[in-house]
Amino acid sequence: MFSEKNIIIASIAVCLVALSTTWHWFRSRVLLSRWAKANGYELVQMSMSWFKCSQFLMSKRQEAYQIRVRDHRGRERRGWAKCGGYFLGFLVDKVEVEWD
C-alpha cells in the first residue's frame, strides 16, 4: 500500500512545512519586536487572523499580523503589520504598519 520511499518523502515534506511555519512566526516576532522598540512601543500581542483580511497588498513571501502595542505612557494601539519585502520576503528586515 505505502512504500517505504513514499513514507520518507511524506515525512520530509511535513517536517519542511513545520520548519517553514515556525521560522516565519519567529522571524515575524523578531521583526515586529525590533520595529516596536525603534518606534517607542512595546509589542503586547501579535496574531495572524484567518478570517479578517489586512489592508495590505502582499506577496506570498510576506505575512500580515494584527498587532497591539503599548507606548511609554501605557496607551495601547491596534493595527496591522506586514513583515518582509515583496520579492525577498523574510530576507528583508522590513515592517509596515497601518493603524486601525
Side-chain angles (χ1 to χ4, degrees):
M1 185 169 185
F2 292 108
S3 72
E4 192 173 307
K5 180 181 175 182
N6 289 342
I7 292 172
I8 291 171
I9 290 172
S11 298
I12 290 171
V14 167
C15 287
L16 288 174
V17 168
L19 284 172
S20 175
T21 302
T22 302
W23 184 76
H24 274 222
W25 190 89
F26 279 108
R27 178 73 172 138
S28 295
R29 182 77 181 187
V30 167
L31 289 175
L32 288 171
S33 294
R34 285 182 190 162
W35 172 88
K37 185 176 181 181
N39 289 279
Y41 296 112
E42 171 193 359
L43 182 62
V44 176
Q45 181 183 14
M46 66 179 266
S47 60
M48 191 181 296
S49 178
W50 300 105
F51 301 108
K52 182 179 178 184
C53 295
S54 73
Q55 302 96 344
F56 291 113
L57 174 63
M58 296 181 4
S59 74
K60 291 180 182 179
R61 295 169 195 85
Q62 296 170 302
E63 297 286 343
Y65 293 88
Q66 288 181 294
I67 61 168
R68 192 174 78 208
V69 297
R70 184 178 303 126
D71 67 14
H72 66 280
R73 293 183 178 166
R75 293 180 296 194
E76 292 190 357
R77 294 185 79 178
R78 295 176 186 267
W80 285 91
K82 176 173 64 170
C83 299
Y86 190 82
F87 292 107
L88 297 177
F90 284 103
L91 298 177
V92 177
D93 291 347
K94 184 177 180 183
V95 174
E96 292 179 46
V97 174
E98 289 188 8
W99 300 109
D100 286 341

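When a residue number appears, it is its place in the shown sequence, counting from 1.
Under the ring-ring contact (aromatic ring centres under 6.0 Å, His included) criterion, W25 pairs with no residue at all, not counting sequence neighbours. Checked against side chain to side chain donor-acceptor pair (under 3.5 Å), R73 has no partners two or more places apart in sequence or in another chain. With sequence neighbours excluded, the residues forming a side chain to side chain contact (heavy atoms under 4.5 Å, CB included) with E76 are V44, R68, R70, listed by chain and number. Applying the side chain to side chain donor-acceptor pair (under 3.5 Å) rule to N39 yields no partners; only residues at least two apart in sequence or on another chain are considered. The side chain to side chain contact (heavy atoms under 4.5 Å, CB included) check on R34 picks up R27, V30, D93, with sequence neighbours excluded. With sequence neighbours excluded, no residue satisfies side chain to side chain contact (heavy atoms under 4.5 Å, CB included) with L19. The side chain to side chain contact (heavy atoms under 4.5 Å, CB included) search around K94 returns V92, E96, not counting sequence neighbours.
Closest approach of Y65 to M46, counting heavy atoms only: CE2-CE, 3.5 Å. The nearest pair of heavy atoms linking E63 to S28 is CB-OG, 4.3 Å. Closest approach of G84 to L31, counting heavy atoms only: N-CD1, 4.2 Å.
Applying the under-4.5 Å side-chain rule to Ile, Leu, Val, Met, Phe, Trp and Tyr, the cluster around L16 extends to I8, I12. Here V14 sits alone; no ILVMFWY side chain lies under 4.5 Å from its own, so it joins no hydrophobic cluster.
The closest side-chain heavy-atom distance from Y41 to V97 is not below 4.5 Å.
Both V95 and F26 are assigned to one and the same hydrophobic cluster, defined by single-linkage of ILVMFWY side chains at heavy-atom distances under 4.5 Å. In the hydrophobic cluster analysis, where Ile, Leu, Val, Met, Phe, Trp and Tyr join through side-chain heavy atoms closer than 4.5 angstrom, W99 is grouped together with L43.
Here the options are Q45, R77, E42, the test is side-chain contact (heavy atoms from CB on, under 4.5 Å), and the partner is V69; only R77 passes.
Taken from NZ in K82 to CD in E98, the straight-line distance is 8.0 Å, to the nearest 0.5 Å.
The salt bridge (charged side-chain N to carboxylate O under 4.0 Å, His left out) pairs that include a residue from residues 9-24 number zero, where partners must be two or more places apart or lie in different chains.
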